[in-house]
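Below is one structure; the comments refer to it alone.
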Number of protein chains: 2
Amino acid sequence: MLTDEYRYKILKLLEDNASITQRELAGQLDVSLGWVNACLKQMGDEQLIQAQRSAGQPQYAYQITPCGQRTRRSIAVSVLSTKKSERAALERDISELEAELKQRDTSARGALRANS
Amino acid sequence: MLTDEYRYKILKLLEDNASITQRELAGQLDVSLGWVNACLKQMGDEQLIQAQRSAGQPQYAYQITPCGQRTRRSIAVSVLSTKKSERAALERDISELEAELKQRDTSARGALRANS
DNA sequence: CAGCTTCCGTTCAACCAATGAACGTGATGC
DNA sequence: GCATCACGTTCATTGGTTGAACGGAAGCTG
């Protein structure tokens, strides 16, 4: 599924190198070739990028459209917001886990002390 | 897929309430009924829990076995470690995004100033 | 007691996102 | 010309997840 996070990652990789191949993209994103192909097609439908074949080049150059440039900012804001929420959730989980482990350590030590 | 994180969550919910139904578990974990059913079966195979039917009770009581109690600690450690890594990755992503947005804000303001 | 309803756990056909092998194409090297 | 290589494209297959349907057990009602 093409999420905003992947849109962001793909736009970024394309900005770095418009001539990157789909296989390279797949490798860097750690997804399959077919998936990348579908995403690029969808992002083309969304007017975010435009694929151009230069003569004598087997691969496309994926150019980010003006719309894509504009959209990229709002995508970044949205992704940032999502990640901040995720971070907050992680913080909660981590302190909860740490509290539990501390408590269990204590009771374990207590039990040992009682045994000795 | 039954991950350590889900093992942890399930053990926790069962500790709070051994008589929770599979539907309630599914609701609280935000997964499907069939999935919860399969997980509980697997956790039974793993000797983490034991399902017991009390007379006159339609639902099981899922008791955490001694092995489950022991295993739970190491699962918690493992989950905690995973979450700390995830947090670190999120921190990186967030500061990267913030840096980019700040930079784009600046250049956007610069462009506006140039236009006025 | 029979019938009905309700709430369980269980099952499994259906769904769907993701995969990657296979293919067609065009450029390159020999 | 022929073989090879690198690319994008396709699609049958895979595998995890879903939730409707089912059977059984308990409770309720007349």
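Chain naming here is simple, since letters A, B, ... match the order of the sequence lines and numbering starts at 1 in each.
- Rounding to whole angstrom units, CG of residue B:L29 and P of D:dT18 are separated by 11 Å.
- OP1 or OP2 of D:dC7 has not a single side-chain nitrogen or oxygen of A:Y62 nearer than 4.0 Å.
- The shortest distance between side-chain heavy atoms of A:D4 and A:T82 does not fall below 4.5 Å.
- We find that OH of A:Y60 is positioned 12 Å from C1' of C:dG26, with the value rounded to whole Å.
- A side-chain donor-acceptor contact under 3.5 Å links B:S95 to the backbone of B:E91.
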Please produce a list of atom pairs where a protein N or O lies less than 3.5 Å from an N or O of nucleotides 5-7 of chain C.
none

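- The hydrophobic cluster of B:L33 has no other members, since no ILVMFWY side-chain heavy atom comes under 4.5 Å of it.
- The distance from atom CG of A:N37 to atom P of C:dA22 is 18 Å, rounded to the nearest whole Å.
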Which atoms of nucleotides 19-21 of chain C (N or O only) lie under 3.5 Å from a protein N or O atom, and what are those distances?
residue: C:dT19; atom: OP2; partner: A:S32; partner atom: N; Å: 2.9
residue: C:dT19; atom: OP2; partner: A:S32; partner atom: OG; Å: 2.9

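- A:Q22 has a side-chain polar atom (N or O) that falls below the 4.0 Å cut-off from OP1 or OP2 of D:dT9.
- In this structure, B:Q59 and B:R53 approach most closely via the heavy-atom pair O-CG, 4.4 Å.
- Atom P of nucleotide C:dT25 and atom CZ of A:R53 are separated by 12 Å, given to the nearest angstrom.
- Within 4.0 Å of A:Q59, counting heavy atoms only, lie sugar-phosphate atoms of the nucleic acid but no base atom.
- Summarising the geometry of B:V36 relative to B:Q22, their closest heavy-atom pair is CG1-O, 3.8 Å, with the distance given to 0.1 Å.
- Following chains of ILVMFWY side-chain contacts shorter than 4.5 Å, one cannot reach B:L90 starting from B:L97, and the two form parts of different hydrophobic clusters.
- Following rounding to the nearest Å, A:L25 (CG) and D:dC7 (C1') show an atom-to-atom distance of 13 Å.
- The two atoms that bring B:D93 and A:E5 nearest to each other are OD2-OE2, 4.5 Å, heavy atoms only.
- With D:dG8, C:dT11, C:dG9 as the choices, the nucleotide that has an atom nearest any side-chain atom of B:K41 turns out to be C:dT11.
- What separates CD1 of A:I20 from P of D:dG8 is a distance of 10 Å, to the nearest Å.
- Closest approach of B:I49 to B:T65, counting heavy atoms only: C-CG2, 3.8 Å.
- Listed pair A:Y6 / C:dA17 fails the phosphate criterion, with no side-chain N or O lying under 4.0 Å from OP1 or OP2.
- The side-chain heavy atoms of A:K83 and B:E96, taken from C-beta on, include no pair separated by under 4.5 Å.
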